[in-house]
Amino acid sequence: MSILYRSDAERGRTWARIFAAEAPDLPFHIWPDTGNLEAIEYLVAWQPSAEFLHSLPSLKLLFSIGAGVDQIGLEQVPDTVSVVRMVEPGIVSGIVEFATMAVLALHRNVLHYQRAQREAEWRHLDVVPAAERRVGIMGLGVLGQAVLQALSPFGFALRGWSRTPKQIPGVDCYSGSDAFEGFLGGCDILVCLLPLTDATRRILDQRLFRCLPTGARLVNLGRGGHLDQSALLEALDSGRLSAAVLDVCEPEPLPVGHPFWQHPSIMLTPHIAGVTQPVTAARIVLENIRRHRRGEPLHNVVDRAAGY
Ligand code: NAP
Ligand code: GLV
């Protein structure tokens with residue numbers, strides 16, 4: 001029995017230290033040192049190929065190194081393997097910090113002031129009180145709910161949208177496609193924290209932008225595949241939207257010359273909002289492996305039918 005880690009090798013060395021100290025009976029390999037392929041029962045990876053997955057006859061658990069699992073391609077994972085997504089405090093605090101920064105930056109018109117500074121112009125906008133700014137989160141899972149909790153002390157009018165109904169104190173909760181337009185109509189700042197599935201691909205499209213209040217702002221922290229890029233450019237250039245913060249795009253990185261790089265109303269970051277932290281993540285994975293070995297139910301198993 002062994003575990004193979006197939007991701008960033010430098011961070012993998014931290015994982016290896018934790019496993020050596022806390023599970024010395026479980027051999028831990030960092031790709032490309034796989035040890036005996038037939039002994040690998042646990043795999044930690046971002047985007048393993050179908051061919052590689054099928055070369056591991058004893059594989060039991062596939063741990064996504066990230067919270068999202070769309071990059072894995074669930075249909076290519078053998079049915080005998082359970083897929084577990086990453087839920088660990090390092091990702092949560094990263095997303096909370098980034099989302100709070102982005103919402104506050106959009107609320108206080110930071111992109112406008114960057115443009116004004118570059119043009120050496122003392123050009124101010126009215127300050128809108130937080131209570132008059134409506135912030136909506138798409139996706140009320142681990143990350144969406146943590147972001148709502150962090151935004152709560154600022155006094156924004158908070159709302160959220162999910163697939164199944166939720167009740168969150170201080171948040172107007174909407175669920176399902178019937179409630180989607182009603183939700184969008186009250187989002188001055190919209191944050192996407194959805195998983196990328198067949199149901200959510202290109203959800204950030206022209207129809208959605210038309211349902212938002214004029215001049216709304218967008219933060220995409222989900223996946224690049226959520227966004228229709230042409231629709232965003234059209235919405236920004238027409239004034240339907242006033243600014244966007246994009247941490248994810250498709251492809252990553254964007255090609256040289258892509259209009260997002262230089263767009264004055266877009267802030268682009270290289271998929272760094274919530275980065276898996278090796279110490280906390282290794283311990284979470286180890287706890288799930290222990291549960292597996294004891295025959296107990298696992299945490300954070302992906303529902304393959306739902307895709308997340
Ligand atoms: P999660 O706990 O699984 O939550 C997903 C939420 O999305 C749930 O509330 C779910 O609704 C909702 N949802 C799913 N499909 C939907 C649909 N068709 N319509 C409406 N709501 C839908 O996931 P998480 O841990 O919060 O992570 C969310 C995503 O964030 C990840 O999948 C990943 O893509 C992204 N992410 C990005 C970064 C980054 O650095 N940018 C880092 C980590 C994660 P229910 O509650 O009803 O199931
Ligand atoms: C990062 O994007 C993740 O899914 O954790």
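Worth knowing before you read on, the calculation uses all heavy atoms, side chains too, and leaves out hydrogens, waters and symmetry mates. Ligands are counted one by one from 1 in listed order, and the atoms in each one are counted from 1 as well.
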Per-atom contacts, ligand 1 versus [X] - under 4.0 Å to a heavy atom:
| X | value |
| --- | --- |
| W161 | 19 (N), 20 (C) |
| L221 | 35 (C), 36 (N), 37 (C), 38 (C), 39 (C), 41 (N) |
| A273 | 40 (O), 41 (N) |
| K166 | 45 (P), 46 (O), 47 (O) |
| I91 | 43 (C) |
| A67 | 43 (C), 44 (C) |
| R85 | 1 (P), 2 (O), 3 (O), 23 (O), 24 (P), 25 (O) |
| H271 | 39 (C), 40 (O), 41 (N) |

- [ ] Could you pull out the closest heavy-atom pair between R163 and A306, with the gap in Å?
- [x] NH2-CB, 4.2 Å
TODO: State, to 0.1 Å, how close A150 and V96 come at their nearest heavy-atom pair, and which atoms those are.
DONE: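 Taking A150 first and V96 second, the nearest heavy atoms are CB-CG1, 3.4 Å.
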Would you mind telling me if ligand 1 is within reach of the side chain of [X], the backbone, both or neither, using heavy atoms under 4.0 Å?
| X | result |
| --- | --- |
| T197 | neither |
| D247 | side chain |
| M138 | neither |
| I95 | side chain |
| V69 | neither |

Task: Test: R6 cationic atom under 6.0 Å from F52 six-membered ring centre, within 45° of axis - done: yes
Who's the nearest protein heavy-atom neighbour of [atom], and how far?
| atom | answer |
| --- | --- |
| atom 8 (C) of ligand 1 | G141 N, 3.7 Å |
| atom 28 (C) of ligand 1 | L193 O, 3.4 Å |
| atom 15 (N) of ligand 1 | Y308 CE2, 3.8 Å |
| atom 26 (O) of ligand 1 | L143 N, 2.9 Å |
| atom 33 (C) of ligand 1 | R223 NH1, 3.6 Å |
| atom 21 (N) of ligand 1 | R163 N, 2.9 Å |

TODO: If the plane angle is over 60° it's perpendicular, under 30° parallel, otherwise tilted; pick one for F28 and F19.
DONE: tilted
- [ ] May I ask you to decide if the ring planes of Y42 and F63 are parallel, tilted or perpendicular, using 30° and 60° as cut-offs?
- [x]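 Y42 and F63: tilted rings.
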When you check the gap from the basic side-chain N to the acidic O, do [X] and [Y] get nearer than 4.0 Å?
| X | Y | answer |
| --- | --- | --- |
| E75 | R304 | no |
| R283 | E22 | yes |
| R210 | D205 | no |
| D188 | R134 | yes |

Return the option from [options] holding the heavy atom at the smallest distance from [atom].
| atom | options | answer |
| --- | --- | --- |
| atom 13 (N) of ligand 1 | L194, D70, T276 | L194 |
| atom 42 (C) of ligand 1 | G176, S175, G274, G94 | G274 |
| atom 5 (C) of ligand 1 | P195, G139, G307, G160 | P195 |

Open item on the list: With a 3.5 Å distance limit and no angle check, can you tell me whether R85 reaches the backbone of A67 through a side-chain donor-acceptor pair?
Closed with: yes
Task: Within the 4.0 Å heavy-atom sphere of ligand 2, strictly under, residues - done: G66, A67, G68, I91, R223, H271
Task: For I266, the option from L232, L218, V245 that meets side-chain contact (heavy atoms from CB on, under 4.5 Å) - done: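 Of all the options given, the one that passes is L232.
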TODO: Say whether L140, considering both its backbone and side-chain N or O atoms, lies within less than 3.5 Å of an N or O atom on ligand 1.
DONE: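 L140 vs ligand 1: N/O contact under 3.5 Å present.
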Open item on the list: If I apply the N/O under 3.5 Å rule, does A199 come out as touching ligand 1?
Closed with: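 No, no N or O pair falls under 3.5 Å.
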Task: D25, CG atom: more than 12 neighbouring heavy atoms under 6.0 Å - done: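 Yes - once you tally the heavy atoms of other residues, nucleotides and ligands closer than 6.0 Å, there are more than 12.
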- [ ] Can you measure from CG (L140) to CE (M138) and round to the nearest 0.5 angstrom?
- [x]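 L140 atom CG to M138 atom CE measures 10.5 Å (nearest 0.5 Å).
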- [ ] Examine the side chains of T214 and R240 and answer whether a donor and an acceptor come within less than 3.5 Å of each other.
- [x]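 Yes.
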TODO: Check whether the side chains of R13 and Y5 place a donor and an acceptor atom closer than 3.5 Å, and report yes or no.
DONE: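 Looking only at side-chain atoms, Y5 and R13 do not form any donor-acceptor pair under 3.5 Å.
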Open item on the list: Quick check on G66 - does any of its heavy atoms sit under 4.0 Å from an atom of ligand 1?
Closed with: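 Heavy atoms of G66 never come under 4.0 Å of ligand 1.
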Open item on the list: Just to verify, which of H124, Q117, R123 counts as forming a side-chain hydrogen bond (donor to acceptor under 3.5 Å, both in side chains) with E121?
Closed with: R123
Open item on the list: For Y174 and W161, I'd like to know if the aromatic rings sit close, meaning centre-to-centre distance below 6.0 Å.
Closed with: no
Task: Y113 ring center within less than 6.0 Å of W122 ring center - done: no
